[in-house]
Amino acid sequence: MMKKIYLVDYLGVHCGMHYYVEAFKQILVKNLDIEVNVLSNYTDNIGGKSFFRNQYKGNIISKGYSLLCNILKLKRFVAKHRESIFIYLTYGNRIDIPFIKIVSKTPNHIIDIHEAIAQNVDNNESLSRLFQNIYSKKIKNVISHSSRTDSFLKGYGYVGKVFSVPHFKYIFPKDFKKEAISQEIINAVDEERINFLFFGNLNINKGVDILIDAVNKLSEDDACKINVIIAGKDFDGAVDKIKPKDNLSMHIFKRHITDDELRFLYQNVDFIMLPYRKTSQSGILEMAFYFKKPIIASDIPYFRNMLSKFPSFGLIAGNTSRSFSDTIEKVVSSGHNNSYFIQQDLDRYNNRIEINKFIHDFSDWINKTLIINRI
């Protein structure tokens, strides 16, 4: 029996990780002669029942029960299939730790690191020590998406194998069912103005307060030409730190945004705003590229690196509300006539050598250590 690959995705539909998982799965299926399965809280294209219960639904008792069931279920599954390849996707949250420990007991495990430690707890010493112990003593193989992650691993004393690769290109359909979209989301788009979208978790490290303050700083003439949509789950009250001026066209949705609503918003806005204070990678940025929507991003290493490779995909602002406000003013004054997503950049983006190298290295690793052994 040929070994299988299991993509273990605990967050899943809770934060849109399922888009990345399906893109990753397609890359593996297309390039490797090996079966790939997803263990998550959603059903994949094949259908059937999800592997994990969605632990993020219900009251605190049902959430705790779901977490316990999920831990036990994965433990039993891994014990039965331990010779297969398990790839666990982590955001560096405390909840990841029991799942990483279970997966780490398999000889052919890989940890796909989207954040080495969760953005909003970078300074949490106890959590950092837990992850340092795991990476230095238990983990043999990781996937890194950025220099930020590489720095964390070096600090943790990690000595195993590192597969380096940027975020995979999305492959899901872009259409949506309009009847499945709430009227408040539909009404949020203003066809008479330039529409800016901030999408994703609303927290201090994503800089949603920077964006609101930046829009507050606009002149009245510029402010009346733009429409701002902020949509996502409120994690730490950052969206309420700064009150938008009364004369602004700004719509704030502090809730889960459905897949149809996400696709509608990306199809109908002009710019995606990324005023992040820090990040190791960004599915929001990749989503913007997938829908060919230019970004306005803070000047942090990951965004700077991406726009240095694909300069027509957007604009780099600074790291302050003043610099974001100045960049918005430039967009307004240009009449949104700049040339974005020129063909040369699109061709290089769609044929990224980093992904080809990852496929080669990953395939070579399988050929050397795993393929066509009897379980």
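Nothing fancy with the numbering, it's 1 onward along the sequence. A quick note: this is a predicted structure, and the numbers were derived from the prediction, not measured.
- With respect to the salt-bridge test (charged N to carboxylate O, under 4.0 angstrom), the residues R263 and D260 do not qualify.
- In summary, the aromatic rings of Y88 and Y10 are positioned with their centroids too far apart to meet the 6.0 Å limit.
- Within a 6.0 Å sphere centred on NZ of K75, heavy atoms belonging to other residues, nucleotides or ligands number 12 at most.
- Under a cut-off of 6.0 angstrom, the local environment of CD in E184 is crowded, with over 12 non-hydrogen atoms contributed by other residues, nucleotides or ligands.
- N227 and N195 form a side-chain donor-acceptor contact under 3.5 Å, judged by distance and modelled atom types alone.
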> So M17 and L89, side-chain contact (heavy atoms from CB on, under 4.5 Å) or not? Walk me through it.
Replying inline: CA-CA 9 Å; M17 183 67 94; L89 286 70; 3.7 Å; yes
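- In this structure, S147 OG and Y302 OH are separated by 10.5 Å, a value rounded to the nearest 0.5 Å.
- Taking E220 as the reference, nothing meets the salt bridge (charged side-chain N to carboxylate O under 4.0 Å, His left out) condition, with sequence neighbours excluded.
- Side-chain polar atoms of S144 and D150 form a donor-acceptor pair below 3.5 angstrom.
- The CD1 atom of I102 sits 4.5 Å away from the CG atom of L74 when rounded to the nearest 0.5 Å.
- Of the residues V8, V78, I71, the one that meets the side-chain contact (heavy atoms from CB on, under 4.5 Å) test with F99 is I71.
- A donor atom on one side chain and an acceptor atom on the other are not found under 3.5 Å apart for Q344 and Y349.
- For the pair K63 and Y56, the cation-pi test (distance below 6.0 Å, angle within 45°) is failed.
- One finds the CZ atom of R148 at 15.0 Å from the CG atom of N305 (value rounded to the nearest 0.5 Å).
- In this structure, a donor-acceptor pair under 3.5 Å is present between the side chains of S321 and K217.
- Interatomic distance, N268 CG to I185 CD1, rounded to the nearest 0.5 Å: 11.0 Å.
- By the 30° and 60° cut-offs, the orientation of the rings of F199 relative to Y266 is perpendicular.
- When only modelled atom types and interatomic distance are considered, N41 and H18 share no side-chain donor-acceptor pair under 3.5 Å.
- Residues F291 and I186 fall within the same hydrophobic cluster, defined by Ile, Leu, Val, Met, Phe, Trp and Tyr side chains chained together at heavy-atom separations under 4.5 Å.
- The distance between the ring centers of F310 and Y340 does not fall below 6.0 angstrom.
- Atom CG of L346 is separated from atom CD1 of I342 by 8.5 Å, given to the nearest 0.5 angstrom.
- Side-chain contact check for E261 and S182: at least one donor-acceptor pair (N or O, by modelled atom type) lies under 3.5 Å.
- To the nearest 0.5 angstrom, F264 atom CZ is 11.5 Å from I257 atom CD1.
- For Y158 and F152, the distance between ring centers is not under 6.0 angstrom.
- Surrounding NZ of K137 are at most 12 heavy atoms belonging to other residues, nucleotides or ligands under 6.0 Å away.
- Under the 4.0 Å criterion applied to side-chain N and carboxylate O atoms, K254 and D240 are assigned as salt-bridge partners.
- Aromatic ring pairs are classed by plane angle as parallel below 30°, tilted from 30° to 60° and perpendicular above 60°; the pair Y6 and H81 is tilted.
- Side-chain contact, N37 with E35: a donor N or O sits under 3.5 Å from an acceptor N or O.
- Using a distance-only test at 3.5 Å, with no hydrogens or angles considered, a donor-acceptor pair links the side chain of H145 to the main chain of V165.
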Acceptor/donor pairs from residues 168-179 side chains to any protein atom, 3.5 angstrom cut, sequence neighbours excluded:
unit_1	atom_1	unit_2	atom_2	d
Y170	OH	H167	NE2	3.4
Y170	OH	G283	O	3.4
K174	NZ	Y290	O	2.7

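- Using bins of under 30°, 30° to 60° and over 60° for the plane-to-plane angle, the ring pair Y135/F131 lands in the parallel bin.
- Side chain of S146 to backbone of Q281: no donor-acceptor contact under 3.5 angstrom is found.
- A salt bridge is absent between K225 and D221: the closest approach of a Lys/Arg side-chain nitrogen to an acidic carboxylate oxygen does not fall below 4.0 angstrom.
- Using a 4.0 Å cut-off between charged nitrogen and carboxylate oxygen, K357 and D361 count as a salt-bridge pair.
- No more than 12 heavy atoms of other residues, nucleotides or ligands sit less than 6.0 Å from atom NE2 of H360.
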